[in-house]
Every structure is written in structure tokens, then in C-alpha cells.
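Here is the structure we will look at, set down as C-alpha cells.
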Amino acid sequence: MTAPTLRPRPTPGLGSSAIGAEEEALVLDVLRRKEPFRYYGGDFKPTPPMVAQLEKEFREYIGTDYALGVSSGTGALEVALAAMGIGPGDEVILTAWSWIACFTAIVRSGARPVLAEIDETLNMPPSEIARLATPRTRAVMIVHFQGVAADMEPIEHEAHRRGIYVLEDCAQSLGTRYRGRQIGTWSDVATFSFQFNKVATCGEGGMVVTRDQRIYERAVRTSDLGNYRPYHAGIVPPREPPMVGGQYRLSELAGAMALAQLRKVDRMRDHCRALQARILPRIQGLPGLALRRVPDPAGDFGFEIYLFLHDAAQVAAFRAKLDARNVNCGARTGTYPQYNRDYLQSPAMTAHPALSPFRDMKPWPPVGYRAEDFPRTEDLTKRFLALPIGWLYTAADADHIADSIIAVHREVCG
Ligand SMILES: *Cc1c(COP(=O)(O)O)cnc(C)c1O
């Protein structure tokens with residue numbers, strides 16, 4: 001008897017796997033016009049088109065009023081926090097289970113990040129706002145983890161009735177909807193990323209969106225050395241006092257590529273949802289295996305399937321067996337809890353110790369920054385397995401994933 005031949009491992013990735021003629025055409029157009037800077041060309045003629053067009057299509061796609069292209073998703077968070085006027089003495093609530101940049105952007109603003117638990121959605125439950133809010137809380141940062149929207153209606157209600165801003169970090173989840181609306185419309189300000197691993201990519205890039213004119217103007221000024229150019233004055237007349245800013249501008253080359261990618265997001269979403277729909281009904285209800293809870297399944301992007309198993313040892317065994325069948329899967333998918341990160345080993349974690357919002361907190365680590373303060377996050381993040389669905393995956397790949405989960409479940413959980 002010969003061993004059965006394995007299905008080849010499918011190529012993961014969304015936007016990165018969808019790069020093609022459309023990106024090439026728009027980027028070449030920028031090169032041929034010799035206008036790689038967004039605000040003027042060599043002869044200082046009016047605004048080159050790509051970033052401006054990206055912002056226009058982005059705000060129409062999201063269904064919001066203002067969009068500002070910036071140099072990265074991290075930059076977008078720093079710009080958004082500055083635009084809200086968040087700084088020293090303020091607190092911002094975010095989930096302990098979130099990307100590095102979510103925490104570091106708050107620290108760099110001068111505010112103190114306050115860590116929340118996740119629930120079976122792998123996002124922040126609304127009840128964490130009531131548990132963690134203090135008179136110093138200025139904002140809650142909601143991280144829509146890997147294509148599933150947080151439960152935004154109660155979150156927005158809980159925050160706004162306390163006078164707390166809501167910031168949605170949509171870096172991982174462009175194109176995800178909740179109750180019929182895109183994420184990024186459930187908050188005072190929202191941020192996106194076009195880094196290589198994200199739904200749509202231009203290598204490095206980001207976006208800030210808002211419906212608030214004051215936040216928009218302050219975001220523009222923060223992103224462009226305090227400038228407020230005629231281009232922006234034509235969108236929202238200037239009303240804010242001059243301020244200093246950083247330099248977080250998006251180039252025309254990156255903007256051109258992001259524009260081509262944005263136009264593919266809905267096709268990627270439909271593709272992922274169709275493949276996920278082949279898999280989920282077959283694995284739902286397998287004993288000892290639970291799926292990630294999705295607050296609004298109709299809005300789910302569907303690019304990653306999360307299985308909760310009994311414990312970390314079972315996850316390791318399950319993962320090894322899936323891997324042996326050439327099924328792509330991972331345990332922590334690049335994220336791990338903030339309280340385990342290097343920078344939380346000392347309260348003087350900023351470039352200069354006096355800039356740290358933790359500088360006076362002793363002993364270290366204080367309550368709220370230790371693994372034992374997050375029993376739910378510890379439990380949930382040690383016993384899940386994540387299976388990506390990529391743009392180049394086929395229906396046969398999806399069927400192989402479902403077949404493999406069922407077979408491995410029988411061996412590991414049976
Ligand atoms: C990737 C990511 C960011 C940062 O985006 P970059 O473009 O890499 O700077 C911020 N928040 C979350 C949740 C992310 O996944």
C-alpha cells in the first residue's frame with residue numbers, strides 16, 4: 001500500500017496574495033507622472049491624485065465623513081490619540097490581548113494604558129468598561145481582533161454615557177461589519193493599517209477615519225508637522241489653534257497600491273465567507289471543541305477560524321496533527337498578552353523615564369499588569385487554535401480543512 005499523497009499546503013494571505021495588474025498600473029502611473037509626494041509635484045501644481053482618491057473611496061466604503069491617509073497603523077493610533085487630546089494623567093482602556101502598537105501608542109501619548117480581559121469573542125466585553133473606568137478614563141480602545149467585530153452597540157453605550165471616547169482599532173479587520181455597518185463607524189475615531197499582514201496592504205500605511213471635524217483637523221495637523229493645507233481647509237475649514245505635529249504622511253506610491261487593494265476588499269471578504277461556510281457547519285457541535293463567539297455572524301470577514309479546546313496540551317497535539325496534514329494553523333498568531341511583553345518589565349519604559357506614565361508605580365509590576373490579574377485572558381488564549389483562510393485558498397482546500405479537523409478531533413478529543 002502506498003501512502004496517500006498530501007494536499008499541498010495552500011498559500012496564506014489576503015491582500016499580499018492578491019497583488020496584481022491593478023496595483024502595478026496605479027503605482028506605474030505615479031512613477032510616470034513623477035509625483036510620489038501627496039501634496040505637490042515638481043512644478044507645485046495641485047494635489048496629486050492617489051492618496052486623495054484613496055481617502056475618498058475609503059470614507060465612502062466605510063460610510064463615514066472624513067478619512068486621512070497616514071504612514072502606518074501605529075502612526076494612525078498615535079495621530080488618533082493626539083487628535084482626541086489624550087495625554088499625561090489620562091487613562092485609556094484596552095484589552096490585554098492586543099497588538100504591541102495598541103499599548104505603545106498610548107504610552108507614547110503620555111496616558112496610561114489600563115488592561116482589560118477578553119471573552120470568547122477574543123475582543124473586549126462591554127462589561128469591562130464599567131469594571132475599569134475611573135474619573136481619569138478618557139478613551140476605550142476597541143481592537144477588532146482578526147476579522148470579528150467587537151460587540152459595539154453596548155460598548156459605545158457604556159463608554160458614551162460616561163463621557164469616554166471610543167477609538168476603534170480596525171487594523172486587522174478592514175471590511176468587517178457589525179449590525180449592517182462597517183467597523184470604524186461605531187466610534188469617535190477609528191484607525192486602519194495597510195501593513196503587509198493586513199487585509200489590504202501597501203507594505204506600510206494606515207488610515208484615520210472620523211465624523212468629528214475637530215478630530216479630523218487635529219489629526220491632519222498631527223500627521224503633517226502642524227500644517228493645515230488648503231486641500232484640507234477645502235474639506236473642513238480651520239478652527240483649531242496652531243499646534244505642533246509629527247510627520248506621519250502617506251506617500252503617493254503607497255497610496256496608489258492601497259487604492260488598488262481597497263477595491264479588492266469585498267471580493268476577498270466574499271471569498272473567505274464562502275469558504276468558511278463550507279467548513280463551519282461540519283465542525284459545529286463536535287464535542288469538546290468550541291468555536292470563537294461572533295457577536296454578528298453576518299458581518300464576520302471569515303479569514304480565520306478559531307477553535308477552543310480543553311487545554312494547551314490538547315491544542316499542541318491538535319496543531320501537530322493538522323500541520324502533518326498540511327493544514328496551516330497557529331496558536332497565538334503573533335499576538336501575545338501585553339503583560340508578558342518586554343517593555344512591561346520596568347516602569348521606566350519610555351525613551352526618557354520621566355515620559356513614562358508608570359514612573360511612580362512601585363512595586364513593579366503593579367496590580368493590573370500581572371498575568372494573575374487576567375484569568376480569563378490566560379485561559380482563553382492558551383487553548384485556542386487559529387486556522388487562516390487566504391485569498392488563494394480553494395473550495396477543495398476548505399473541504400480538506402474540514403475533513404482534517406473532523407479526523408484530528410476523533411484522534412485527539414475522542
Ligand atoms: C498591525 C496592527 C497595528 C499596527 O499597524 P502597523 O501598520 O503595522 O503599524 C495596530 N493595531 C493592530 C490591532 C494591529 O494588528
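Note: hydrogens, waters and symmetry copies are ignored here, and every other heavy atom, side chains too, is used. One-based numbering, in listed order, for ligands and for the atoms of each.
The structure places CZ of Arg229 at 11.5 Å from CZ of Arg221, a figure rounded to the nearest 0.5 Å. We find the CD-CD1 distance between Glu240 and Ile215 to be 10.0 Å, quoted to the nearest 0.5 Å.
A parallel orientation is assigned to the rings of Tyr343 and Phe103, their planes being inclined by less than 30° (bins at 30° and 60°). Relative orientation of the Phe358 and Trp364 rings is perpendicular, given thresholds of 30° and 60° on the angle between their planes.
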List, pair by pair, the atoms of ligand 1 and of the protein that are both N or O and lie under 3.5 Å apart, giving the separation rounded to 0.1 Å.
residue	atom	partner	partner atom	Å
ligand 1	5 (O)	Ser193	OG	3.3
ligand 1	7 (O)	Gly73	N	2.7
ligand 1	7 (O)	Ser193	OG	2.7
ligand 1	9 (O)	Gly73	N	3.3
ligand 1	9 (O)	Thr74	N	2.8
ligand 1	9 (O)	Thr74	OG1	2.6
ligand 1	11 (N)	Asp169	OD1	3.4
ligand 1	11 (N)	Asp169	OD2	2.6
ligand 1	15 (O)	Gln172	NE2	2.9
ligand 1	15 (O)	Lys198	NZ	2.6

Kindly determine whether Phe194 and Glu204 satisfy side-chain contact (heavy atoms from CB on, under 4.5 Å), including the steps that lead there. CA-CA 6 Å; Phe194 302 120; Glu204 301 278 18; over 6 Å; no
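The cationic atom of Arg211 (NZ for Lys, CZ for Arg) does not lie both less than 6.0 Å from the six-membered ring centre of Tyr66 and within 45° of the ring axis.
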